Amino acid sequence: MTMTSGAAYAPDPIPAPVVGPGDFVFGAARLDHGHIYGMCEGLVAAGGTLRWVFDPDPEKVEAFRARFPGVRVARSEEEVLDDADVRLVAGAAVTSERCALGLRVIEAGKDYFTDKAPLTTLEQLEAARVATARTGLKYAVYYSERIHVEAAVLAGQLIEQGAIGRVLQVMGIGPHRLGTGRPDWFFEKDRYGGILCDIGSHNFEQMLHYAGAKDAEVTHAAIANYAHPEHPGLDDFGEAGIVMDNGATGYCRVDWFTPDGLSTWGDGRTFVLGTEGYVELRKYVNVGTDDGPGHVLLVDGQGEHHLVADGNVGYPFFGQLILDCLERTETAMTQEHAFKAAELSVRAQQAARVLTP
């Protein structure tokens, strides 16, 4: 296959910090998932000032301080929430506890930035919607597989430029490596929410974003525990299909079956079909090559294009979120989009057919 350089599809300029030191102070509370590091690093790179960290586990706090040596250790969650200078609190609590943390942050008058999945039940979703509507404060979500992956960012820019015409279908696969050392809550469905609620939330968000849809209906969902009987609460496989309000369709498959021989934690890919072309994202690895991550393959009316995103695109979400918090705008991600992706994740999980081995 011959590929052109794709020079006509230059990415937007790499984002620069949007504020100076001390102009946007934030804190971190609850370090139950490692995504908290990416969340905080993204905000710091955009100019944010990380002042506080809190977690009841001192080992987690010390590990966090090793990455962010200037951060202050709070004696309690309240110490973070009571600081009038703190504008936003980032949290990666146990999934079922993320909404309750967010409600406390919002009641303290601050914006909230949570790891995905942002919640696990429709009752939590309703409480979060009520709180944000009443206060105007944000319940932002770290859907990292789009906002913190340069290939995914570049794909969004290409689609917005009309590179593949109208989007007809979005397909995503999200294999992950189970590995060892997972905490107990990771295997308890009431706490992690199930596979379609958890890692599936990445894919529902991408379907809506790339298709430019505001709503969708779950048309098919299935889950299974194919190979981990020692963890009966674990879904190790899930799939779902949706039809979006603009006529586009979406499909995702998520699983915990990354083989040990893969050089990274998962071969996550996304495929977007349009009326005038299609895009494939090889986000984390280009299997069988030494090409590294971050590949965008675009086919259009002019030819075949191979674009390498990593190091050339950056992550505009974080600067946009900071400015949204300061200016009360919605450029990084609308509140309803963040909630709709969560809603579809929960509805798919609840409706899923349980496949038996």
Side-chain angles (χ1 to χ4, degrees), residues 1-6 9 11 14 33-39 41-42 45 115-116 142-159 163-164 169-182 186 195-196 198-207 209-210 226-228 235-240 250-273 277-299 304-317:
M1 177 172 67
T2 301
M3 291 187 177
T4 71
S5 67
Y9 297 102
I14 293 178
H33 196 292
H35 280 166
I36 191 65
Y37 291 97
M39 297 163 68
E41 286 170 349
D115 188 16
K116 68 80 220 157
Y142 183 62
Y143 291 114
S144 58
E145 292 187 18
R146 182 179 66 81
I147 66 173
H148 218 167
V149 173
E150 287 181 281
V153 175
L154 178 56
Q157 294 175 1
L158 295 174
I159 291 168
I164 61 171
Q169 185 189 50
V170 183
M171 295 192 302
I173 58 172
H176 286 57
R177 179 177 287 130
L178 189 60
T180 59
R182 299 276 182 177
F186 177 84
I195 195 169
L196 292 174
D198 179 25
I199 56 178
S201 63
H202 288 297
N203 300 87
F204 290 108
E205 192 277 331
Q206 288 172 84
M207 294 178 206
H209 178 78
Y210 290 137
Y226 281 128
H228 298 87
D235 302 328
D236 59 22
F237 175 89
E239 65 176 4
Y251 171 82
C252 69
R253 187 207 82 213
V254 288
D255 66 76
W256 291 101
F257 288 109
T258 292
D260 291 342
L262 190 72
S263 59
T264 188
W265 55 267
D267 185 10
R269 301 196 187 193
T270 303
F271 305 83
V272 186
L273 173 66
Y278 63 89
V279 171
E280 177 189 348
L281 311 184
R282 299 179 185 176
K283 296 180 178 179
Y284 312 113
V285 63
N286 196 12
V287 173
T289 75
D290 296 322
D291 295 343
H295 298 271
V296 177
L297 308 180
L298 166 67
V299 182
E304 306 166 10
H305 313 277
H306 181 182
L307 298 89
V308 177
D310 276 28
N312 298 311
V313 179
Y315 311 108
F317 173 88

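On a predicted model such as this, the values are computed, not experimentally measured, just so you know.
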J.: Are the side chains of D267 and T258 in touch, meaning some heavy atoms are under 4.5 Å apart?
T.: no
J.: Find out whether K283 and T270 are in side-chain contact, i.e. whether some heavy atom of one side chain is under 4.5 Å from a heavy atom of the other.
T.: yes
J.: Return the minimal non-hydrogen interatomic distance between D236 and A227, and the atom names on each side.
T.: OD2-N, 2.9 Å
J.: Do E239 and D255 come within less than 4.5 Å of each other through their side chains, counting heavy atoms only?
T.: no
J.: Is there a side-chain contact between V313 and I14 (heavy atoms, below 4.5 Å)?
T.: no
J.: Please tell me if the side chains of L297 and H305 come closer than 4.5 Å, counting only heavy atoms from C-beta onward.
T.: no
J.: Any idea which heavy atoms bring V285 and S263 closest together, and the distance?
T.: CG2-OG, 3.6 Å
J.: Taking the six-membered ring of F186 as reference, does the NZ or CZ atom of R182 fall below 6.0 Å from its centre and within a 45° cone about the axis?
T.: yes
J.: Under the side chain to side chain donor-acceptor pair (under 3.5 Å) test, which residues partner Y315, sequence neighbours left out?
T.: none
J.: Kindly write out the residues that satisfy side-chain contact (heavy atoms from CB on, under 4.5 Å) with I159, not counting sequence neighbours, or none if the list is empty.
T.: I164, V167, Y210, V272
J.: What are the two closest heavy atoms between P316 and V153, and how far apart are they?
T.: CD-CG1, 3.8 Å
J.: Quick check for you: to the nearest 0.5 Å, what is the distance between E205 atom CD and K116 atom NZ?
T.: 12.5 Å
J.: The test is side chain to side chain contact (heavy atoms under 4.5 Å, CB included); show your working for Y284 and V149 and say whether it passes.
T.: CA-CA 9 Å; Y284 312 113; V149 173; 3.6 Å; yes
J.: Sequence neighbours excluded, which residues qualify as side chain to side chain donor-acceptor pair (under 3.5 Å) partners of R177?
T.: none
J.: Would V296 and V279 count as a side chain to side chain contact (heavy atoms under 4.5 Å, CB included) if you check the C-alpha gap in whole Å, the side-chain angles of each, and the deciding distance to 0.1 Å?
T.: CA-CA 7 Å; V296 177; V279 171; 3.9 Å; yes
J.: Show the nearest heavy-atom pair for residues G174 and I199, with the distance to one decimal.
T.: O-CD1, 4.0 Å
J.: Atom CG in D198, atom CG in D235: separation rounded to 0.5 Å?
T.: 9.5 Å
J.: Looking at CD of E280 and NE2 of H306, how far apart are the two atoms once the value is rounded to the nearest 0.5 Å?
T.: 10.0 Å
J.: Check side chain to side chain donor-acceptor pair (under 3.5 Å) between T289 and all other residues, then give those that pass, not counting sequence neighbours.
T.: D291
J.: So, do F271 and Y278 sit near enough that their side-chain heavy atoms are less than 4.5 Å apart?
T.: no
J.: Of all heavy-atom pairs between D310 and P293, which one has the smallest distance, and what is that distance?
T.: OD2-CG, 3.2 Å
J.: If you define the side chain from C-beta out and look only at heavy atoms, does anything of R253 sit under 4.5 Å from F237?
T.: yes
J.: In terms of relative ring orientation, are H202 and H176 parallel, tilted or perpendicular, with 30° and 60° separating the classes?
T.: parallel
J.: With a 4.5 Å limit on heavy-atom distance, are the side chains of R269 and L281 in contact?
T.: no
J.: Listed by chain and number, what are the side chain to side chain donor-acceptor pair (under 3.5 Å) partners of Y142, not counting sequence neighbours?
T.: H148
J.: Looking at R282 and N286, what are the two nearest heavy atoms and their distance?
T.: NH1-OD1, 2.8 Å
J.: Hey, could you give me the CH2/CD1 distance between W256 and I195, rounded to the nearest 0.5 Å?
T.: 7.0 Å
J.: Can you measure from OH (Y143) to NE2 (H209) and round to the nearest 0.5 angstrom?
T.: 13.0 Å
J.: Check whether Q206 reaches the backbone of G172 with its side chain - one donor and one acceptor, N or O, closer than 3.5 Å.
T.: no
J.: Not counting sequence neighbours, which residues clear side-chain contact (heavy atoms from CB on, under 4.5 Å) with A240? List them please.
T.: L196, F204, A221, C252, A348
